[in-house]
Amino acid sequence: YRKMATLSVCQPQLGGFSFENCKRNAVLEAEVTKLGCNVPSARKTGTTICGVVFKDGIVLGADTRATEGMIVADKNCSKIHYISPNIYCCGAGTAADTEMTTQIISSNLELHSLSTSRLPRVATANRMLKQMLFRYQGHIGAALVLGGVDCNGPHLYSIYPHGSTDKLPYVTMGSGSLAAMAVFEDRYKQDMEEEDAKRLVRDAIAAGIFNDLGSGSNIDLCVITKGRVDYLRPHDMANKKGVRTGNYKYKQGTTGVLTKSVIKLDLEVVEETVQTMDTS
Amino acid sequence: MITGLLFCSVPVTGMGQQVGAYGVQDTLRSGFSSVKNELLPSHALELSEKNFQLNQDKMNFSNLRNIQGLHAPLKLQMEYRAARQIQRLPFLQSSHLALDTLKGNDESISFEDILNDPSQSEMVGEPHIMMEYKLGLM
């Protein structure tokens with residue numbers, strides 16, 4: 001174990017997480033709260049994400065708002081992440097955590113599928129995610145909805161930040177999950193058609209958008225079937241920014257022209273130089 | 001959402017200062033000591049992350065021993081030891097290619113590869129001190 005205060009380094013440094021500044025950060029945080037200010041918080045996705053299994057595959061849905069405390073940080077962020085050509089994952093929680101987690105698992109799955117020369121399975125992605133999240137004991141705040149179609153059919157998992165997973169026909173996560181789950185509980189049927197499933201997911205996300213402050217803007221959908229992925233972004237612009245109805249500009253010709261005189265300026269070229277740009 | 005740090009409130013041994021010659025704390029090399037720094041880890045994950053790889057290996061080897069018999073982990077550990085010796089001097093960058101291949105690190109990517117890249121480290125190791133430490137002369 002090497003401390004930052006050491007005057008000389010005895011062992012070569014290892015990669016990965018470094019806890020050197022934790023104590024310093026705790027002291028700083030205590031000082032700042034004593035003064036009454038707030039430590040900047042991580043950007044969260046404060047989300048509604050959901051997924052549903054239908055007859056031929058999976059429909060994943062997500063809203064597109066990212067919040068930073070009480071402010072909307074991103075009005076159109078993409079929450080459905082690519083894991084592999086047949087597997088996609090929606091992420092709720094801390095935006096950076098979901099982004100990095102899904103990218104790492106996507107890379108690992110790609111290496112794994114190259115090594116086995118098979119299309120990756122959803123269960124593999126699920127196991128990799130849950131083992132990683134459990135290793136970090138919930139400090140990585142990523143709540144995920146993982147869905148895909150592999151050789152065994154369509155699968156849908158929900159993964160919680162501490163590492164527990166559920167395999168279900170319909171799942172919702174995020175701050176708007178209760179609103180979306182209410183819609184699912186009312187209208188979910190087994191073996192739906194694709195259009196019905198898309199409409200159901202769209203309505204569930206819309207319920208989250210309109211009833212939860214942490215979710216908003218547009219609805220993204222991702223339909224995964226055997227051999228085909230439809231990434232519909234945006235599928236539905238539920239919150240379009242309004243168009244101004246009034247215009248304060250004056251129309252052309254409002255001011256009457258009394259006289260007009262044109263004076264030509266006699267200019268001649270005195271000197272011409274070319275300066276080349278340094279484009280290296 | 002967890003804000004702030006979770007201090008592990010149980011004191012642990014394993015965070016202690018390096019002991020120099022004569023069994024006394026070596027202020028010149030490892031700085032001033034403080035009991036709080038020594039006993040309490042600064043983050044709940046610090047200890048578990050420090051020992052994660054070791055614990056994984058221990059578990060895998062004991063599983064292997066139970067399934068295939070003692071020869072399997074013995075052979076593997078012998079290969080690990082041989083591969084671990086293929087490296088440059090401690091203050092130079094070694095690729096650990098053989099060790100990575102044996103451990104399977106060449107087929108996976110994790111936070112060790114992304115964060116805190118040792119080749120980008122801001123602190124440069126003092127060559128003499130690192131050699132002395134490695135040879136056990138310190």
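Computed from a predicted model, the values in this text were never measured in an experiment. Each chain gets a letter, A, B and so on, in the order its sequence line appears, and its residues count up from 1.
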### Task
Tell me the residues of residues 105-118 of chain A whose non-hydrogen atoms fall below 4.5 Å from those of chain B, in number order.
A/Ser107, A/Asn108, A/Leu111, A/Ser115
### Query
Could you state the interatomic distance from CD1 (A/Ile104) to CD1 (B/Ile114), rounded to the nearest 0.5 Å?
3.5 Å
#### Entry: Straight-line distance of B/Glu49 CD to A/His139 NE2, nearest 0.5 Å
10.0 Å
### Contacts of B/Asp117 that satisfy side-chain hydrogen bond (donor to acceptor under 3.5 Å, both in side chains) - sequence neighbours left out
B/Ser119
### Query
Measuring heavy-atom distances to chain A, does B/Phe91 have an atom under 4.5 Å in its side chain, in its backbone, in both, or in neither?
neither
### Region of A/Leu28 that comes under 4.5 Å of a non-hydrogen atom in chain B
neither
#### Entry: Inter-chain contacts: residues 119-130 of chain A against chain B, heavy atoms under 4.5 Å
none
### Message
List the residues meeting side chain to side chain contact (heavy atoms under 4.5 Å, CB included) with B/Lys75, not counting sequence neighbours, and say none if there are none.
### Response
B/His71
### Message
Does atom CD1 (A/Ile71) have a neighbourhood of more than 12 heavy atoms from anything else shown, all under 6.0 Å?
### Response
no
### Task
Check A/Cys22 against B/Ser42 and note the closest heavy-atom contact, atom names and distance.
CB-O, 3.6 Å
#### Entry: Minimum heavy-atom distance B/Phe111-A/Ile140, with the two atoms named
CE1-CD1, 3.7 Å
### Query
Considering residues, nucleotides and ligands other than B/Lys58, do more than 12 of their heavy atoms fall under 6.0 Å from its NZ?
no
### Query
How about A/Phe17 and B/Leu45: do any of their side-chain heavy atoms sit closer than 4.5 Å?
no
### Query
Crowded around A/Met70 CE? As in, over 12 foreign heavy atoms under 6.0 Å?
no
### Message
Would B/Lys50 and A/Phe19 count as a side chain to side chain contact (heavy atoms under 4.5 Å, CB included) here? Give the steps.
### Response
CA-CA 10 Å; B/Lys50 196 161 67 132; A/Phe19 299 101; over 6 Å; no
### Query
Atom NE2 in B/His43, atom CG in A/Asn21: separation rounded to 0.5 Å?
12.0 Å
